[in-house]
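A short write-up of the structure that comes next.
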Amino acid sequence: MRTLVALALFSLALTGDSLGQNSTKKIRSEPSALAARAGSAVAWRPDLDAALAEAKGSGKAVFWYVPTIRGSFMDRKPEVDRAMMAGPFSWPRLIALLNARYIPVKFAADKAACERFGLRPIEFIEPGFLVLAADGSEVARQDQLSTLHPAWFDAVLAPLVGVEPDRGNPLPWTPSAEGGEAEESPEALFLRGAEAWRAKREGDARAAWEALTTQHPEHPLAWKAAMELEGHGPLARGLESYDVLPDGALAASGSGTLCAPGVYTEAELWRRSLEYLLSVQRADGGFHDSIYDFGGTDGLPNVYVAVTGIAAIAMMEGAARLGDSPEDVALRARIEPALAAALAYALDDAHLNPEDADELVWGHIYRLRAATRYIELRGQAGGSPPDAGTPRIDLHGLAQGLVAQQRDTGSWAHEYPNPFVTASALIALGRSNAVEPMSDLSDVVAQGARLLLRCRTDAGAYTYNSVREGGRPARAQIEGSVGRTPLGELALDLWSPADSIGLEKAIALSFEHQHHLEPARKYDDHTNRFAYGGFFYWYDVHGRVEAIARLGEGSAAARAAFVADQRARILALPEIDGAFIDSHEIGKAYGTAMALWCLAELE
């Protein structure tokens, strides 16, 4: 089975000489000449001041696409920009609107522009845009654009220049009659490829997009198709959607493509998020939209296994919550084979890269969590699950795979030894041990618990990295431990409860300092001195959610308050399509699956 060119090149790289054992080398392909033309049909002006001068003469508004701003250290800026150029700025309808009714400018904000328009790192998160009147005054701004949907861009931009949005057509174009009897129009070819891609017929998708690039090489959709074929495009990465959205989702929320409050019920979020996961799962059962390569390109297979394990949990939780309506019955029928395929992918050792030590532990943790949850929900302890296509689950073997990753110090590590991955490993072992007890974990968990205690301050904060044996006492700020404190205390509560400061206290501390985590939710790097980044958002929230779920009857009142608070926070975070995201790098499948897992735990 052929997948994206970028993934094929990555697989070749793994088997070649370019990557050694546990390489930290990042292999990031560049678009081909054809793909690099994506977005160029917009008549971009390169200079903001010149565009404003032109606007004064024409009376048109300026559409200023801001790919980044001065001082921003957000990771993967080229990839974020490619998603925009091959997404909105390759849609024929938006191209026509920008060229006819606006003065479009693409300009990375320099010091003067940042000061003039109040653009500050973390506060304005790329990608985004500003609309400026002919006199230079600001008319509108949007940042944090993560879900690329034509109807939303139409609804936001068309009325500003007196154009009625095309609400009846969610596609980014009006299909044309171009092409004769022997060939399809560019729009039809691209759409055929898009439909095949979502249906997991990758070969058919490639064939349609390749035909588009050869038959219509000068069409903007051909350049977009090349981007998709090479793994740079937003559709293949799960960021672009043509689904029909309710009118409320098209209203500006003030936070980019974050949905306005109250548009979706919780039941609707479950259905839409499950539909999203089904649409981005690949034919091999895995989820490959992540480009998280902080530990090197050789870690990506392990990231895929981890994300697939989390997505499997979300699908099985969703299947358990769907009702008996025809819509839910049909959705459940689609989930079951997708779940079986996801489990098969995650549990297959061939999909792990054991040569990588940076992300391998996450593959072990989350496939163990998925297998454990399957048995918890479907009662197949020690047996072979009856669902067609689901592999036999060897829970002990999966747990031993995780145990083998522990270091002599008692710590587990991903890119470095640290208490949060140690806590996650201990929690995974605690959950699996409750389903199928193991007799040889005492030394493992004792070492892990001692490591956690060495990393904890008297205030209950956990260090970012592990503290060495015989080193200085742990030094950490509670403001930077929103996720680590409940994670660490949950692990201790499972294995060494006498040493825990108490889950209720840990959760309260986490909520108290949540405001330090919030600004990082869509930022693909560390944001401040507390070392938060978008890739920590759902991970930290999930750690707190699991701690809340474990609170006993003695904390019933606190538990109810914590549940209400956390549920409200999650339900305020869907994107306009009803799915979820934090980091562009880890991917939208991860964010969506984590959000659903959190909602399930809070029940």
Side-chain angles (χ1 to χ4, degrees), residues 36-74 77-78 80-146 148-150 152-166 172 220 223 250-258 522-523:
R37 296 178 67 184
S40 64
V42 177
W44 297 113
R45 279 65 160 179
D47 182 80
L48 180 61
D49 289 335
L52 287 170
E54 183 181 349
K56 286 183 180 179
S58 67
K60 292 182 178 179
V62 169
F63 174 84
W64 174 19
Y65 165 48
V66 186
T68 189
I69 65 176
R70 182 179 184 273
S72 170
F73 44 90
M74 185 166 176
K77 294 178 187 177
V80 170
D81 179 55
R82 287 169 195 157
M84 292 295 290
M85 298 302 281
F89 304 135
S90 289
W91 300 337
R93 197 163 73 221
L94 185 58
I95 292 170
L97 178 69
L98 293 178
N99 287 344
R101 308 302 291 267
Y102 285 94
I103 304 296
V105 56
K106 179 180 180 180
F107 176 69
D110 58 14
K111 181 180 179 181
C114 286
E115 291 176 350
R116 178 178 178 183
F117 295 99
L119 303 176
R120 302 176 185 87
I122 314 302
E123 294 179 15
F124 184 94
I125 299 179
E126 55 267 83
F129 62 79
L130 273 69
V131 174
L132 308 175
D135 63 3
S137 61
E138 183 176 323
V139 176
R141 76 167 61 192
Q142 297 287 344
D143 68 337
Q144 305 177 57
L145 305 179
S146 303
L148 308 180
H149 194 289
W152 184 86
F153 279 82
D154 241 14
V156 171
L157 291 173
L160 296 179
V161 289
V163 175
E164 185 68 24
D166 189 354
W223 312 334
L250 303 179
S253 67
S255 297
T257 53
L258 183 74
K522 285 192 178 183
Y523 203 77

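Small disclaimer: the values here were computed from a predicted structure and weren't measured.
For the atom pair CZ of R70 and CZ of R120, the computed distance is 13.5 Å after rounding to the nearest 0.5 Å. Rounding to the nearest 0.5 Å places NZ of K522 at 8.0 Å from OG of S255. Going from atom NE2 of H149 over to atom CG of L250 covers 7.5 Å, rounded to the nearest 0.5 Å. From D135, atom CG reaches atom CG of L52 across 9.0 Å, with rounding to the nearest 0.5 Å. Separating the OG1 atom in T257 from the CG atom in D143 is a distance of 9.5 Å, to the nearest 0.5 Å. Separation of atoms CZ (R93) and CG (D154) is listed at 4.5 Å; rounding is to 0.5 Å.
Considering all non-hydrogen atoms of both residues, A41 and W223 come closest at N-CZ3, 3.9 Å. Between A61 and V131 the shortest heavy-atom distance is CB-CG1, 4.2 Å. Between A113 and L48, the closest heavy-atom pair is CB-CD2, 4.3 Å. Shown here for Q142 and A252, the closest heavy-atom pair between the two residues is NE2-CB, 3.6 Å. For the pair P121 and S72, the tightest heavy-atom approach, listed with the atom from each and the gap, is CG-N, 4.0 Å. Nearest approach of P88 to A83, heavy atoms of both residues: CD-O, 3.9 Å.
Judged by distance alone, the side chain of S58 and the main-chain N or O of E54 form a donor-acceptor pair under 3.5 Å. Y65 places no side-chain N or O within 3.5 Å of a backbone atom of P127 that could act as its donor or acceptor partner. Counting only distance, with no hydrogens or angles, the side chain of Y102 and the backbone of L97 share no donor-acceptor pair below 3.5 Å. A donor-acceptor pair under 3.5 Å is absent between the side-chain atoms of S90 and the main chain of A38, judged by distance alone. The closest donor-acceptor contact from the side chain of R45 to the backbone of A51 lies at 3.5 Å or more, if one exists at all. Looking at K111, its side chain never comes within 3.5 Å of a backbone N or O of G71 through a donor-acceptor pair.
Looking only at side-chain heavy atoms (C-beta outward), L258 and Q144 stay at 4.5 Å or farther from each other. Annotation: side chain of P159 is in contact with side chain of P165 (closest heavy-atom distance under 4.5 Å). Side-chain atoms of P150 and L94, non-hydrogen and from C-beta on, never get closer than 4.5 Å to each other.
With sequence neighbours excluded, no residue forms a ring pair (Phe, Tyr, Trp, His ring centres under 6.0 Å) with F124. The ring pair (Phe, Tyr, Trp, His ring centres under 6.0 Å) test applied to W152 returns no partner, not counting sequence neighbours. Applying the side chain to side chain contact (heavy atoms under 4.5 Å, CB included) criterion to A108, with sequence neighbours excluded, gives P67, T68.
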Next item on the list: Show your working on side-chain contact (heavy atoms from CB on, under 4.5 Å) between W44 and M85 and close with a plain yes or no.
Entry: CA-CA 11 Å; W44 297 113; M85 298 302 281; 3.6 Å; yes
Next item on the list: Decide side-chain contact (heavy atoms from CB on, under 4.5 Å) for L119 and R141; before the verdict, give the C-alpha distance in whole Å, the side-chain angles of both, and the deciding distance to 0.1 Å.
Entry: CA-CA 11 Å; L119 303 176; R141 76 167 61 192; 3.3 Å; yes
Checklist line | Trace of the side-chain contact (heavy atoms from CB on, under 4.5 Å) decision for L98 with F153 | finding: CA-CA 11 Å; L98 293 178; F153 279 82; over 6 Å; no
Next item on the list: Determine, stepwise, if the pair D47 / V105 fulfils side-chain contact (heavy atoms from CB on, under 4.5 Å).
Entry: CA-CA 7 Å; D47 182 80; V105 56; 5.9 Å; no
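Between F63 and F89, the ring-plane angle classifies as perpendicular under the 30° and 60° cut-offs. Ring orientation note: the planes of W64 and F117 are nearly perpendicular, at an angle over 60° on the 30°/60° scale.
Between Y523 and F73, the distance separating the two ring centers is shorter than 6.0 angstrom.
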